[in-house]
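Everything numeric in this text was worked out from a predicted model, so none of it was measured. For this chain, numbers begin at 1 and follow the sequence in order.
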Amino acid sequence: MPFLRLTDLQLTGKRVLIRADLNVPQDDAGNITEDTRIRASVPGIEHALNAGAAVMVTSHLGRPKEGVLQQEDSLAPIAKRLGELLKRPVPVIADWVDGKFDVKAGEVVMLENCRVNKGEKANDEVLARKMAALCDVYVNDAFGTAHRAEATTHGLARFAKVACAGPLMAAELDALGRALADPARPLVAIVGGAKVSTKLGILKTLAAKVDRLIVGGGIANTFLAATGANIGKSLAEPALADDARAVIEALSARGASVPLPQDVVVASDVSPHARANRVEIGAVRPDDMILDIGPKSAAQLVELLSAAGTIVWNGPVGVFEYDQFAAGTRAIAEAIAQSAAYSIAGGGDTIAAIAKFGVAAKISYISTGGGAFLEFLEGRTLPVEM
């Protein structure tokens with residue numbers, strides 16, 4: 001997957017504009033409660049500074065109204081924390097689009113919340129051209145917004161003299177490319193979630209690429225129902241049974257497969273105190289809800305994952321938030337951690353499961369891209385690809 005990297009460029013004396021993702025959580029007083037994204041942005045900024053560039057950084061924060069900068073939408077707290085990490089001042093520049101500010105080589109400034117600029121979300125060409133005129137080099141280091149065609153993510157890349165990927169963006173693209181463009185085989189994908197409808201595009205794309213497609217959660221229930229299994233009152237989308245069968249048939253035609261659960265864990269309701277029962281798939285009763293895979297199914301998936309060459313994980317296979325329905329997702333997490341395969345994981349629930357089961361250090365790459373990660377899996381061209 002060829003693309004221009006920040007580290008490929010000569011930056012001495014250049015004006016470098018970095019689109020970062022500094023959208024960090026804050027408390028009611030505006031204090032930053034978790035600064036991972038700020039810390040993650042530091043390597044790209046430091047590289048440009050150490051190379052002798054004049055550095056401008058911008059990001060979105062929250063959901064401001066375009067044209068109106070409220071105090072709670074200001075990047076000032078983020079600039080302060082970034083300055084602490086860089087050990088240098090990071091002045092905040094408001095009303096920056098027309099370029100009425102100065103930044104010298106070896107200095108860094110924070111350009112105020114980009115989503116306050118009128119036309120940002122609409123990817124306005126006039127706005128994008130004005131911003132592009134501010135820099136010699138545009139750097140996108142915000143993979144989490146890579147699926148949004150906005151002025152600072154797409155328009156700037158179109159009109160800047162040079163557009164490149166920062167280290168965070170490059171790492172995401174490298175990891176996704178390794179997992180999907182030229183994977184070590186067997187390639188196993190895990191796609192969990194409540195609804196087939198939200199991930200149908202991903203399922204269809206992966207059906208043409210993977211050797212095993214493991215489905216979980218409500219998605220698995222729809223696939224089970226499509227094969228004639230009784231799923232009781234489990235969450236499912238019966239209207240998409242034909243789509244589920246088409247995915248199964250597409251994989252089968254390639255000699256690949258969708259390994260569906262043989263046994264499941266059921267309950268009459270979803271709650272922390274619900275009584276969990278393990279049953280064979282043929283013994284699910286009309287008032288049962290399938291909330292996890294059973295131990296036989298988990299063992300089957302562990303065996304598949306142990307033999308995999310590449311693993312892509314997006315979504316749990318059960319309601320892992322409740323311990324009585326967490327065993328299946330735990331088994332998968334631990335199998336991936338112990339596997340010699342190259343593994344990439346992404347999506348909010350997946351990251352939460354990784355944290356709960358303490359396997360983060362043993363996953364090859366954890367994507368922070370959210371929607372961008374899902375759209376890449378779906379095979380879409382991201383607006384910021386360079």
> How many angstroms lie between CD1 in Ile32 and CD1 in Ile38, if you round to the nearest 0.5 Å?
Replying inline: 4.0 Å

> Looking only at heavy atoms, what is the nearest atom pair of Pro186 and Asp211, with distance?
Replying inline: CA-OD2, 3.2 Å

> Going only through I, L, V, M, F, W and Y residues with side-chain contacts under 4.5 Å, is there a path from Leu301 to Phe325?
Replying inline: no

> Any side-chain heavy atom of Asp124 sitting closer than 4.5 Å to one from Lys118?
Replying inline: no

>> I'd like to know whether CG of Asp182 has more than 12 heavy-atom contacts from other residues, nucleotides or ligands below 6.0 angstrom.
In response: no

>> Are the side chains of Arg19 and Thr58 in contact, using a 4.5 Å heavy-atom criterion?
In response: yes

> Hey, are Thr152 and Glu150 close enough side-chain-wise for a donor-acceptor pair under 3.5 Å?
Replying inline: no

>> Hydrogens and angles aside, do Glu72 and Ser74 bring a side-chain donor and acceptor to less than 3.5 Å of each other?
In response: no

> Got a donor-acceptor contact below 3.5 angstrom from the Thr205 side chain to the Gly201 backbone?
Replying inline: yes

> Do Ser367 and Glu172 have a side chain donor and acceptor closer than 3.5 Å?
Replying inline: yes

> Just how far is it from atom OG of Ser234 to atom CG of Leu291, taken to the nearest 0.5 Å?
Replying inline: 7.0 Å

>> Are there over 12 heavy-atom neighbours, none belonging to Glu34, within less than 6.0 Å of that residue's CD?
In response: yes

> For Met169 and Ala165, which heavy atoms make the closest approach, and how far apart are they?
Replying inline: CG-CB, 3.7 Å

>> Around atom CZ of Arg285, are there more than 12 heavy atoms from other residues, nucleotides or ligands closer than 6.0 Å?
In response: no

>> Minimum heavy-atom separation for Phe159 and Ala128, please, with both atom names.
In response: CD1-CB, 3.8 Å

>> Is it true that, when you exclude Lys233 itself, more than 12 heavy atoms of the residues, nucleotides or ligands shown sit nearer than 6.0 Å to its NZ?
In response: yes

> Is there a donor-acceptor contact under 3.5 Å linking the side chains of Gln338 and Ser306?
Replying inline: no

>> If I compare all heavy atoms of Lys296 with all of Asp263, which pair ends up nearest, and what's the gap?
In response: N-OD2, 3.1 Å

> Salt bridge or not for Arg15 and Asp136, using N-O below 4.0 Å?
Replying inline: no

> With a 4.5 Å heavy-atom cut-off, do Leu213 and Val247 have their side chains touching?
Replying inline: yes

> What do the steps show when you test Arg37 against Asp35 for salt bridge (Lys or Arg N to Asp or Glu O under 4.0 Å), and what is the final call?
Replying inline: CA-CA 6 Å; Arg37 288 179 176 176; Asp35 69 352; over 6 Å; no

> So, Arg81 and Glu84, do they make that salt bridge, N to O below 4.0 Å?
Replying inline: yes

> Are Arg330 and Asp323 close enough for a salt bridge, meaning some N to O gap below 4.0 Å?
Replying inline: no

>> Taking atom NZ as the centre, does Lys356 end up with more than 12 heavy-atom neighbours from other residues, nucleotides or ligands that are less than 6.0 angstrom away?
In response: yes

> Taking atom OG1 of Thr227 and atom CG of Leu260, what is their separation to the nearest 0.5 Å?
Replying inline: 5.5 Å

>> If hydrophobic clusters are built by linking Ile, Leu, Val, Met, Phe, Trp and Tyr wherever their side-chain heavy atoms come under 4.5 Å apart, do Leu69 and Ile78 end up in the same one?
In response: no

>> Using a 3.5 Å distance criterion without hydrogens, assess whether the side chain of Thr310 forms a donor-acceptor pair with backbone atoms of Ala184.
In response: yes

> How many angstroms lie between CD1 in Ile281 and CG in Asn230, if you round to the nearest 0.5 Å?
Replying inline: 8.0 Å

>> Could you report the tightest heavy-atom contact between Gly62 and Arg115, atom names first, then the distance?
In response: O-NH1, 4.1 Å

>> With rounding to the nearest 0.5 angstrom, report the CG to CD1 distance, Leu85 to Ile45.
In response: 9.0 Å

> Quick one: do Arg245 and Glu249 make a salt bridge, cutoff under 4.0 Å?
Replying inline: no

>> Distance check, rounded to the nearest 0.5 Å: Ser343 atom OG versus Ile311 atom CD1?
In response: 6.0 Å

>> Checking side chain to side chain contact (heavy atoms under 4.5 Å, CB included) between Leu75 and each of Leu111, Leu82, Leu61, which is the one that passes?
In response: Leu61

> Is it true that atom CD of Glu303 has more than 12 heavy atoms of other residues, nucleotides or ligands lying nearer than 6.0 Å?
Replying inline: no

> Does any donor atom in the side chain of Glu237 or Thr222 lie under 3.5 Å from an acceptor atom in the other side chain?
Replying inline: no

